[in-house]
Amino acid sequence: MKAAVLTIGNEILIGRTVNTNLTFLAKELTSIGIDVDFSATIKDVKNEIFEMLTYCDNRFDLIITTGGLGPTSDDITKSVIAEFYQKKLIFSPKIWEDIKKLFEKRNIEIPAINRNQAEVPEDFTVLENRYGTAPGLLYENKKNLFFALPGVP
């Protein structure tokens with residue numbers, strides 16, 4: 001199985017945040033017999049994300065992205081993924097409830113902007129995130145397995 005890890009985020013490229021996700025994922029994948037054959041760190045830029053997904057889609061059995069699933073305007077990964085796989089974003093009331101519960105548990109008022117984190121590309125499987133508000137995503141197709149995971153740390 002050939003694997004690629006794409007880390008998405010300007011904060012990594014400018015050195016503000018260390019890419020600990022790549023280290024963690026490579027170690028965990030290697031421990032189950034999957035070598036990471038390719039990795040790249042790219043900006044929160046639609047064309048760059050789309051181009052890298054195109055490159056990986058035809059070369060790797062497993063593609064993992066990290067980053068860009070947050071609620072802010074620069075977190076565009078999910079919408080680019082939906083466009084790449086030609087899927088609509090669909091609001092999930094369950095995810096929205098989970099996000100609200102997390103904010104309530106922390107005794108913080110939920111910003112309206114976080115509502116977009118409850119949108120999921122159709123036909124994707126939602127992966128629960130017990131630590132943050134951005135759920136992971138899984139998409140299986142005939143070519144490969146694709147995972148979108150929250151950013152670092």
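Small disclaimer: the values here were computed from a predicted structure and weren't measured.
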Sub-3.5 Å donor-acceptor pair from the side chain of N114 to the main-chain atoms of P71, do we have one? no

Which value, rounded to the nearest 0.5 Å, describes the distance between E119 atom CD and K78 atom NZ? 6.0 Å

Using residues 8-15 as the side-chain source, report each donor-acceptor pair under 3.5 Å to any protein atom, sequence neighbours left out, with the distance given to one decimal.
residue, atom, partner, partner atom, Å
N10, OD1, D44, N, 2.9

Can you run down the salt bridge (charged side-chain N to carboxylate O under 4.0 Å, His left out) pairs that involve residues 105-117, sequence neighbours left out, and say none if there aren't any? none

Salt bridge or not between K100 and E97? Use side-chain N to carboxylate O under 4.0 Å. yes

At what distance, to the nearest 0.5 angstrom, does CG of L69 lie from CG of N116? 10.5 Å

If you measure from OG1 on T65 to CG on L149, what distance do you get to the nearest 0.5 Å? 6.5 Å

Candidates F146, F147, Y85 - the one meeting ring pair (Phe, Tyr, Trp, His ring centres under 6.0 Å) with Y139: Y85

Crowded around F24 CZ? As in, over 12 foreign heavy atoms under 6.0 Å? no

I'd like to know if the side chain of D75 and the backbone of T72 have a donor-acceptor N/O pair within less than 3.5 Å. yes

Roughly how far, to the nearest 0.5 Å, is the CG atom of N19 from the OG atom of S39? 8.0 Å

Closer than 3.5 angstrom, by distance alone: can the side chain of D57 be matched with the main-chain N or O of I63 as a donor-acceptor pair? no

CD1 of I49 to OG1 of T54, rounded to nearest 0.5 Å, is 11.5 Å

